[in-house]
Amino acid sequence: MYRTENCGELTEAHVGKSVKLAGWVQKRRDLGGVIFIDLRDRSGLVQIVVNTETAPDAFIIADTVRSEYVISVSGHVVKRDPQSVNEKMSTGTIELLVEEMAIINKAKTPPFAIKDQVDTADDVRLKYRYLDLRRPEMVETLKMRHRITQKIRKYLDEKGFLDIETPILTKSTPEGARDYLVPSRVHPGEFYALPQSPQLFKQLLMVSGMEKYYQIARCFRDEDLRADRQPEFTQVDIEMSFFEQEPFMSMMEQLMVELVDEVKGVKVTSPFLRMTHREAMARYGSDKPDIRFDMELKDLSDIVKDSSFKVFQQAVLGGGQVKAINVKGQAEAYSRKAIDELAVFVSTYGAKGLAWLKVDEGGFKGPISKFFDESTAEKMAAQTQAENGDLLLFVADKAKIVADSLGALRVKLAKDLGLIDESVLSFLWITEFPLLSYDEEAGRYVAEHHPFTMPMMEDIEKLESKPGEVRAQAYDLVLNGYELGGGSQRIYQRDIQELMFKTLGFTKERATEQFGFLLDAFEYGTPPHGGIALGLDRLVMILSGRSNLRDTIAFPKTASASCLLTNAPSEVSPDQLKELSLEIDKPKITK
RNA sequence: GGACCCGUGGUGUAGUGGUUAACAUGCCUGCCUGUCACGCAGGAGAUCGCCGGUUCAAAUCCGGUCGGGUCCGCCA
């Protein structure tokens, strides 16, 4: 037996007991006649002491031990003298007095120190991910991820949901994200796709009468990465029959309430705030607003449309908007140069400029103040709740650009100014999403959520006349400015589903070819159903206080979707290609 | 597809045209019996990501390329 206890779990209750420990050498401190070793395992650290006089054989071994050696020790747990207690260690009041020691395996000096304070570049960490994962904060994050999935499984099990697996090798569908493709050997020239989500299968399970399904499912999307986006990620996928939106949302809320209480000890109140998509876009310029701070977008279009400031005037005349955010009390803090930098920031979202006004006792100050007469200025001040010392920032443009740029600026300023209370978990639901949006590039409407989302019944007759105005029975769960997940009531009637495909520009033939199996299935007694998919990685990221999804995934990909540990993706042999009837059109220039 | 930032001993940084590339930490050796950022003394370790150009001279300037990161587009 290698060990009787775990390092980090030793307490004063063990004092006087003989125990065996095994683990990695965190740190060796050699004082000549006595050697201290901090021994680490998954549970934490404990100090072990080897004395040349009381344990001469062990001392000889301890003398040769180095960082990250795997060792086993036995001895007695003793209480430390009061003056040698280490308050920074959870096991700091005790230590193990070593009697025997053995080296189980030696270790090369690791390329970086195994400790929490990371000062190592991401690429080095990822190349040696197995060492990076030894760092306590990484262990803690993966432990939290485990506790989260365990809680989700327990909760859904208690509510009667069945965990059912769906295929990883499946059918490519053109809607939505780009697919990862897998060539078929048996069917030359044909491909499987990895699932973007188990969407179709979970609906088919509802047709099957499974009634309540869930899966913690890996999903794949061949799109460019972000700090909160990986090409393979994990969804908590949930679907139920005889679905009604309100009770379902309540059940999801209850899961979140219990989960954050268990995992973080944070109490959040239910029901969560609900906000329509239209309101979120108007007030926050985002469909996933961070409502931990104010600084809302204020519409000034009507007030300034007759002003002599041409930029504002023309934006409104052209069908656009003029909106502002009020940066409270920051007029002095932002110099002209600092505001110029903010203008560069909003330009990435397509804004052509960032107008500004500072408020002081004499009224508005700044280069554009001369364009507004007294009564206009008063109305602007009232609309933005402007007071002395405030800084107003304006964007005048098409609605989308105004929302994107001011929405992003609002979040950036809040972060820069420290307006966000990081201890708060701020959940809300966004409802009544548009069903469709017009894709300029494709020259047609595309599904905002996915093509199986049920339109709102009162909008359904507009599907053919004004598709852009149809709202969906869809909802997103938002946490602290991140989209945690989204779901909807699904279409479960063949005729509505066919109408939807038609609206999306599918010919009847193509709809049959791509989704005929679903349309057919709907004709065999399909219950109304709906559900949600939650981004597990993002949930772990937020609850563990990380700002990057990579830190919540044991073996993540880099920004260019490669794995630095295994060097995937990589070239394959000509034989492998031949077997799959594949030819490489543009061979990479070999190194 | 685009923009921006980064690349210098194992690790993290300094050096921004001119001697032997500096510092911290880590590593190695020796000394040290209560350390926990142990201490003290000594030592090894870098063709400055790669290729090309400018120059008498390049870690430094220019172009390209590769790798990492953040964002826009893309993606729910």
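Owing to the predicted nature of the structure, the values given are computational and were not obtained by experimental measurement. Below, each value reflects all heavy atoms present in this structure, side chains not excepted, and no hydrogens, waters or symmetry copies. Chain A is the first sequence line, chain B the second, and so forth, proteins listed ahead of strands; every chain is numbered from 1.
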Got a sec, which residues hit side chain to side chain donor-acceptor pair (under 3.5 Å) with [X], two or more places apart in sequence or on another chain?
| X | answer |
| --- | --- |
| A/Glu100 | none |
| A/Arg221 | none |
| A/Thr64 | none |
| A/Arg274 | A/Glu246, A/Glu253 |

| said: With a 3.5 Å cut-off and heavy atoms only, can you find an N or O donor on one side and an acceptor on the other between the side chain of A/Asp119 and the base of B/U11? | reply: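 By the distance-only test, no, there is no pair.
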| request: Identify, with sequence neighbours excluded, every residue that meets salt bridge (Lys or Arg N to Asp or Glu O under 4.0 Å) alongside A/Asp119. | output: none
| request: Determine which pairs satisfy salt bridge (Lys or Arg N to Asp or Glu O under 4.0 Å) with at least one residue from residues 548-564 of chain A, sequence neighbours left out, and list them in order. | output: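 Of all non-adjacent pairs touching residues 548-564 of chain A, those that pass salt bridge (Lys or Arg N to Asp or Glu O under 4.0 Å) are A/Asp122-A/Arg550, A/Arg125-A/Asp551, A/Glu232-A/Lys557, A/Arg546-A/Asp551.
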| request: Treat primed atoms plus P, OP1 and OP2 as sugar-phosphate and everything else as base, then score nucleotides 4-9 of chain B 5' to 3': B for base contact with protein heavy atoms under 4.0 Å, S for sugar-phosphate contact only, - for none. | output: ------
| note | Reading nucleotides 64-76 of chain B from 5' to 3' and marking B where a protein heavy atom lies under 4.0 Å of the base, S where only the sugar-phosphate is that close, and - otherwise, the string is ----SSSSBBBBB
| query | Listed in order of residue number, which residues of residues 109-117 of chain A have a non-hydrogen atom at under 4.0 Å from RNA chain B? | reply | A/Thr109, A/Pro111
[X]: partners by ring pair (Phe, Tyr, Trp, His ring centres under 6.0 Å), with sequence neighbours left out:
| X | answer |
| --- | --- |
| A/Tyr213 | none |
| A/His14 | none |
| A/Phe233 | none |

| said: Which nucleotide, if any, forms a Watson-Crick or G-U wobble pair with B/G26, using both distances under 3.5 Å? | reply: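 B/G26 is unpaired by these criteria.
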| task | Going by the side-chain contact (heavy atoms from CB on, under 4.5 Å) test, name the single residue among A/Ile48, A/Leu21, A/Ile35, A/Ile37 that passes it with A/Val98. | result | A/Ile48
